[in-house]
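Structure, as structure tokens:
Source: prediction; values computed, not measured.
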Amino acid sequence: MGEQGADRGGAQRGAGEARRLLEAAELVRFTPATLTDVDALVERLGRIRRLGHSVTRGELDPDVVGIAAPIMDQNRRVTAAVSVAALASRVYPKAETELAQKAQATAGEITERLSLTAA
């Protein structure tokens with residue numbers, strides 16, 4: 001399941017609601033790195049919320065790293081995301097950090113532009 005939660009915007013939900021949704025979901029293990037433990041997923045969602053982005057490595061496909069940052073609507077609800085997927089062998093920790101920062105900056109710009117058009 002990775003850092004995606006049981007529904008879109010899972011990291012932005014409260015821990016109680018996220019836990020309830022995850023406990024009701026069928027958590028499928030795609031690779032040995034896939035998180036299927038509800039406690040571990042709730043903890044990860046909290047970290048995603050604090051950091052403002054998600055990084056997964058080999059959780060859906062063993063050879064892929066995924067980096068994502070949320071795009072919010074005018075009510076601060078997650079409506080979309082900026083995401084990057086790449087071959088894990090080509091993305092080193094320093095590049096992961098840079099890509100996460102760029103994804104967050106881009107998502108922030110899109111969020112800001114959406115809020116301007118909604119006003």
*Identify, with sequence neighbours excluded, every residue that meets salt bridge (Lys or Arg N to Asp or Glu O under 4.0 Å) alongside Arg57.*
Glu96
_Straight-line distance of Gln104 CD to Thr111 OG1, nearest 0.5 Å_ = 11.0 Å
*Flag the pair Val78 / Met72 as yes when at least one side-chain heavy-atom distance between them is below 4.5 Å, and no otherwise.*
yes
*For Asn75, side-chain hydrogen bond (donor to acceptor under 3.5 Å, both in side chains) partners two or more places apart*: none
*asked:* What's the separation between atom CG in Leu41 and atom CG in Leu21, rounded to the nearest 0.5 Å?
replied: 12.0 Å
*Approximate separation, where rounding is to 0.5 Å, of Leu35 CG and Glu43 CD*: 9.5 Å
*Asp63: what forms a side-chain hydrogen bond (donor to acceptor under 3.5 Å, both in side chains) with it, not counting sequence neighbours?*
none
*Just wondering, do Leu27 and Val38 contact through their side chains at under 4.5 Å, heavy atoms?*
yes
*asked:* Is the shortest side-chain heavy-atom distance between Val82 and Ile110 below 4.5 Å?
replied: yes
*asked:* I'd like to check the side-chain contact (heavy atoms from CB on, under 4.5 Å) partners of Ala81; sequence neighbours left out, ordered by chain and number.
replied: none
*Going by heavy atoms in the side chains, are Leu51 and Arg47 under 4.5 Å from each other?*
yes
*Could you list the residues that satisfy side-chain hydrogen bond (donor to acceptor under 3.5 Å, both in side chains) with Thr31, not counting sequence neighbours?*
Thr34
*Taking atom CD of Glu112 as the centre, report whether more than 12 heavy atoms of other residues, nucleotides or ligands fall under 6.0 Å from it.*
no
*Can you see which heavy atom on Ala69 is nearest to which on Gly52, and at what distance?*
CB-O, 3.8 Å
*Just jot down the salt bridge (Lys or Arg N to Asp or Glu O under 4.0 Å) partners of Asp37, sequence neighbours excluded, or say none.*
none
*For Val64, side-chain contact (heavy atoms from CB on, under 4.5 Å) partners two or more places apart*: Asp61, Ala85
*Considering only heavy atoms from C-beta outward, does the side chain of Leu114 approach that of Asp73 to under 4.5 Å?*
no
*Check side-chain contact (heavy atoms from CB on, under 4.5 Å) between Leu60 and all other residues, then give those that pass, not counting sequence neighbours.*
Phe30
*So how far is it from Arg44 CZ to Ser54 OG, rounded to the nearest 0.5 Å?*
7.0 Å
*For Glu109, which residues count as a salt bridge (Lys or Arg N to Asp or Glu O under 4.0 Å) partner, sequence neighbours excluded?*
none
*About how many Å separate OG1 of Thr106 and CD of Gln101, when rounded to the nearest 0.5 Å?*
11.5 Å
*asked:* Applying side-chain contact (heavy atoms from CB on, under 4.5 Å), can you list everything that pairs with Ala86, at least two apart in sequence or on another chain?
replied: Val65, Val91
*Looking at side-chain heavy atoms only, is the closest gap between Leu22 and Leu45 below 4.5 Å?*
yes
